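Chain identifiers are assigned alphabetically (A, B, ...) following the order of the sequence lines, protein sequences preceding nucleic acid strands; residue numbering begins at 1 within each chain. Reckoned from all heavy atoms, side chains included, excluding hydrogens, waters and symmetry mates. It should be emphasised that the depicted structure is a prediction, and the values quoted were computed from it without experimental measurement.
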Amino acid sequence: MAKNNKTAISPRRDEDYPIWYQEVIKAAEMAENSDVRGCMVIKPWGYTIWENMQRELDDMFKETGHKNAYFPLFIPLSYLQKEADHVEGFATECAVVTHHKLTKNAEGTLVPDGALDEPLIVRPTSETIIGATFAKWVNSYRDLPILINQWANVVRWERRTRLFLRTAEFLWQEGHTVHATKEEAVEETLKMLNVYKDFAENILAVPVITGEKSESERFPGAVSTYSIEAMMQDRKALQAGTSHFLGQKFAKASGIKFQSKDTKEEYAWTTSWGVSTRLIGALIMTHSDDNGLVLPPRIASAHIVFLPIYKTDEERETVLKYIEDTKAGIKEHGRFHERHLVMEVDDRDLRGGEKNWYWIKKGVPLKVEVGMRDIEKNSLAVLRRDNPELKKDFIDRDNFVRDIHTTLDDIQNTLFERAKKYRDDNTHVFDDKDEFEAFFTAENKKKPEIHGGFALSHWCGSVQCEEELQELKISIRNIPLDGKEESGKCIHCGKDSIKRVVFAKAY
RNA sequence: CGGAAUGUGGCCCAGUGGCUAGGGCACCUGGUUUGGGACCAGGGGAUCGCAGGUUCGAAUCCUGCCAUUCCGACCA
């Protein structure tokens, strides 16, 4: 099938990456901007992905001993003040509730009325309110550990928003745990970080680097913050999840104390960890191409779409029957990784071409055309969305049905390997300052091309070097956990260093 | 919060002081079509972002505001 040069998404990635991103979302009907500034409407095709993420992650949380609970949307203003660093981090982006009713003024317009004694803030995160609650739950070492997760929405009044990547309100999960010892809390922090890595790589097919954040990138109030970092197709880094070791800071702020075995009163050790709808942005920017969204089968909103092709009512009957038989055959193979295969049949009265492109842009892993010619040969016209050439294969129906799980797994693996290769190809080790700086300098300053990537270089550990490197618009994404110790010189100041860190431009 | 651009039916745009604001796409009706973005005919749909001002007359000029997008600072 000859393919013309026109791509379904315009502009292409190499023409204008940020606009391409928005167009992919629009074309796939995943989300749109709402009438409320900075807040998005997540449409069914996008929300299904979130539901799939929730289910997979929730299983993993349960598997590691966590239980779900729900805490209030509103947090008393005074609670936020309990932890000094925490206040500083979030104070500038809080929605504040000051009144509890509306009345009509002289002009007949509704105005806030009934001022609250103490203003409430809409949670930007829940450490404080959950900490206050945990303080009541914990008395003895026998009450520990407490392993809680909450699925919720949070609000951070961001100045500049982008669909899925940064919105004023977003959906996420936040895990909060309390432990008797530091070791146990650290272990929990790293365990959940690895759950995130597992999820990102195996379910989303997004390769990530686990590592610790530098001091300046740390969560407000944390002792240490760890992240998973992914590379998008514009070679910028995206922080896709974080896990925090909170030490005893929040325990002290909220009074989470317990009596130990030897009858002494001790402060507990806490952790928190979260991923958000931002992961959908990561998914889009990792796999999608110039023809729209590309979804890995393990997270896809639908796995297979059948497009019936017929001319007469009789043919329609025949074709739809053939599709139903094929679906039934596929169902007999059972669930795909414990999930029912979602199969759509698009029998809308639309031109074939238009319908085809519709589903290509939606990123369904397998698109199957069925017409009379296929039925005669007992075959199917199959297009794998991971094939950038959009090439149709005519496959024997029995083989297609038999191999369906293998095929989907193969698409999943192909996407992961492709993303991993892209990241690795664009990750370089630098020991020379000039080369390092050239790597991050755009050739065309007016309209910077896609350039740079991840640089693995030595860093002395000083905040000053980190700040000065911001001139290159880069930051330390994290200090990889699997990085081996080796002596070297800081790429910026030349002082001694024992570890390489990941430098990159970031979202 | 700074810089830039843009606001005209659902979407994309034309109209740069003068008749009833146009076109393309989308939508609805009828017909012909249907294996890679169809065609014909008819039809519905707009307080030209908002508020003031200038003018005999404003989508068009002026002022202010608002929104969106991009770039920067700040952040998941």
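B/rG72: Watson-Crick or G-U partner is B/rC1, with both key distances under 3.5 Å. Shown here, B/rA26 forms no base pair; nothing in the strands shown gives a Watson-Crick or G-U wobble contact with both key distances under 3.5 Å.
The only option from A/Glu344, A/Lys367, A/Lys327, A/Glu369 that meets the side chain to side chain contact (heavy atoms under 4.5 Å, CB included) definition with A/Phe306 turns out to be A/Lys327.
Using a 4.0 Å heavy-atom criterion, one finds that A/Ser276 contacts the bases of the nucleic acid, with or without backbone contacts as well.
Distance noted for atom P between B/rC50 and B/rC11: 15 Å (whole Å). For B/rC71 and B/rC28, the P atoms lie 37 Å apart once the distance is rounded to whole Å. Nucleotides B/rG43 and B/rG23, compared at atom P, are 12 Å apart to the nearest Å. One P atom belongs to B/rC65, the other to B/rU29, and the distance between them is 47 Å to the nearest Å.
Where A/Gly38 and A/Phe219 meet RNA chain B, the nucleotide closest to each residue was compared, and A/Gly38 sits on the side nearer the 5' end. Map A/Lys473 and A/Asn33 each onto its nearest nucleotide of RNA chain B; the residue landing nearer the 5' end is A/Asn33.
Proximity of A/Gln22 to the phosphate of B/rU68: no side-chain N or O atom is located under 4.0 Å from OP1 or OP2. Here A/Arg351 reaches the OP1 or OP2 of B/rA38: one of its side-chain N or O atoms lies under 4.0 Å away.
Of the candidates B/rA76, B/rG37, B/rG35, B/rG35 carries the atom nearest the A/Ala381 side chain, counting heavy atoms from C-beta on. When each of B/rG35, B/rA76, B/rU69 is scored by its nearest atom to the side-chain atoms of A/Arg278, the top-ranked nucleotide is B/rA76.
Remark: P of B/rC71 and OH of A/Tyr21 are 13 Å apart, rounded to the nearest angstrom. Atom pair A/Phe90:CZ and B/rC75:P shows a separation of 11 Å (rounding to whole Å applied).
Here the two rings, on A/Phe170 and A/Trp50, have centers that are 6.0 Å apart or farther. Between A/His492 and A/Phe436, the ring centre distance reaches or exceeds 6.0 Å.
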Practice problem: Check the pair A/Phe503 / A/Phe440 against ring-ring contact (aromatic ring centres under 6.0 Å, His included), numbers first and verdict last. | Solution: CA-CA 10 Å; A/Phe503 288 97; A/Phe440 288 116; 7.5 Å; no
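Across every non-hydrogen atom of A/Lys197 and A/Val208, the tightest pair is NZ-O, 3.3 Å.
One can find a donor-acceptor pair under 3.5 Å joining the base of B/rG35 and the side-chain atoms of A/Asp374.
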